[in-house]
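First up is the structure itself, then whatever we jot down about it.
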Amino acid sequence: MRIDKILIATSPGEVRAALVSEGRLAEVVVERQNAASLVGNVYLGRVSKVVSSMDASFVELGIARAGFLAGDDARNALSAQGAPARSRKAGGGPISSRVNEGEAVLVQVTKDAFAQKGPRLSTAIALPGHWLVYSPSRPGLSLSRRISPAE
C-alpha cells in the first residue's frame, strides 16, 4: 500500500490522523492525551495473588492497579526464562496449576483498566505489524488472507 497523504487534526486533548492511499481512506488513528491506553503493551509482571475460586490471578505490573489474568488467558503462561513453566497443560486445569504466587510471567494488556478494576491481561503475546502478527507462544506460522502471492 502506498500512502499518498497523511491528514492530521488536533484539538485540546486529542490528535486525529488519517492515512489516504490512492484517494481512499486507508486508516484512522485517534489518540487522547487524558486516556492513554495500555492495550497491546507487554510487561514482565509478578503474580501477586492466585484466586482459585475465580479461576484467576492478579499480576503486579508496576502501574497503579494489579492486572487481572483469567484462567483461560493463562493457558500459554511462560516463566521469566521464556520456557513453559512446570507441567502446564495447554487445555486447562485450575489456574493454580498454571501460575503460582511470586512467579514472574510475561503478559500483554488486552483491555484497559476502568472504574476500580485493573487491566485485563493475557499470556498469549501478539505483536501486530503491517503485514504479519508475531505470536511467539504459538507454534507454526500463519499468513494473512490479505497477502496475495506475487504474480
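- Heavy-atom neighbours of Leu127 CG from other residues, nucleotides or ligands within 6.0 Å: above the threshold of 12.
- Between Val29 and Arg16 there is no side-chain heavy-atom pair separated by less than 4.5 Å.
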May I have the step-by-step check of side-chain contact (heavy atoms from CB on, under 4.5 Å) for Val28 and Val30, ending in yes or no? CA-CA 7 Å; Val28 174; Val30 178; 4.2 Å; yes
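- Glu103 places a side-chain N or O within donor-acceptor distance of the main-chain N or O of Asn100, the cut-off being under 3.5 Å.
- Here the CD1 atom belonging to Ile125 is positioned 4.5 Å from the CG atom belonging to Leu106, to the nearest 0.5 angstrom.
- Using a 4.5 Å cut-off between side-chain heavy atoms of Ile, Leu, Val, Met, Phe, Trp and Tyr, with links allowed through other members, Val51 and Val99 fall into different hydrophobic clusters.
- Within the 4.5 Å cutoff, the side chain of Ile8 has heavy atoms near those of the Thr10 side chain.
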Could you list the donor-acceptor pairs under 3.5 angstrom formed between side-chain atoms of residues 38-50 and any protein atom two or more places apart in sequence or on another chain?
residue, atom, partner, partner atom, Å
Asn41, ND2, Tyr43, OH, 3.3
Arg46, NH1, Gly102, O, 2.5
Ser48, OG, Phe58, O, 3.1

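- Note that CD of Gln108 and OG of Ser135 are 9.0 Å apart. Values are rounded to the nearest 0.5 Å.
- A distance of 5.5 Å separates CD1 of Ile6 from CG of Leu19, quoted to the nearest 0.5 Å.
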Report, one line per pair, each donor and acceptor closer than 3.5 Å where one atom sits in a side chain of residues 59-71; sequence neighbours left out.
residue, atom, partner, partner atom, Å
Arg65, NE, Gln116, O, 2.9
Arg65, NH2, Gln116, O, 2.7

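- Counting heavy atoms from C-beta outward, Leu121 and Asp73 have side chains that stay 4.5 Å or more apart.
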Criterion salt bridge (charged side-chain N to carboxylate O under 4.0 Å, His left out) on Asp112 and Arg120, from CA distance to verdict: CA-CA 7 Å; Asp112 280 319; Arg120 178 82 185 240; over 6 Å; no
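- Using a distance-only test at 3.5 Å, with no hydrogens or angles considered, no donor-acceptor pair links the side chain of Asp4 to the main chain of Ser21.
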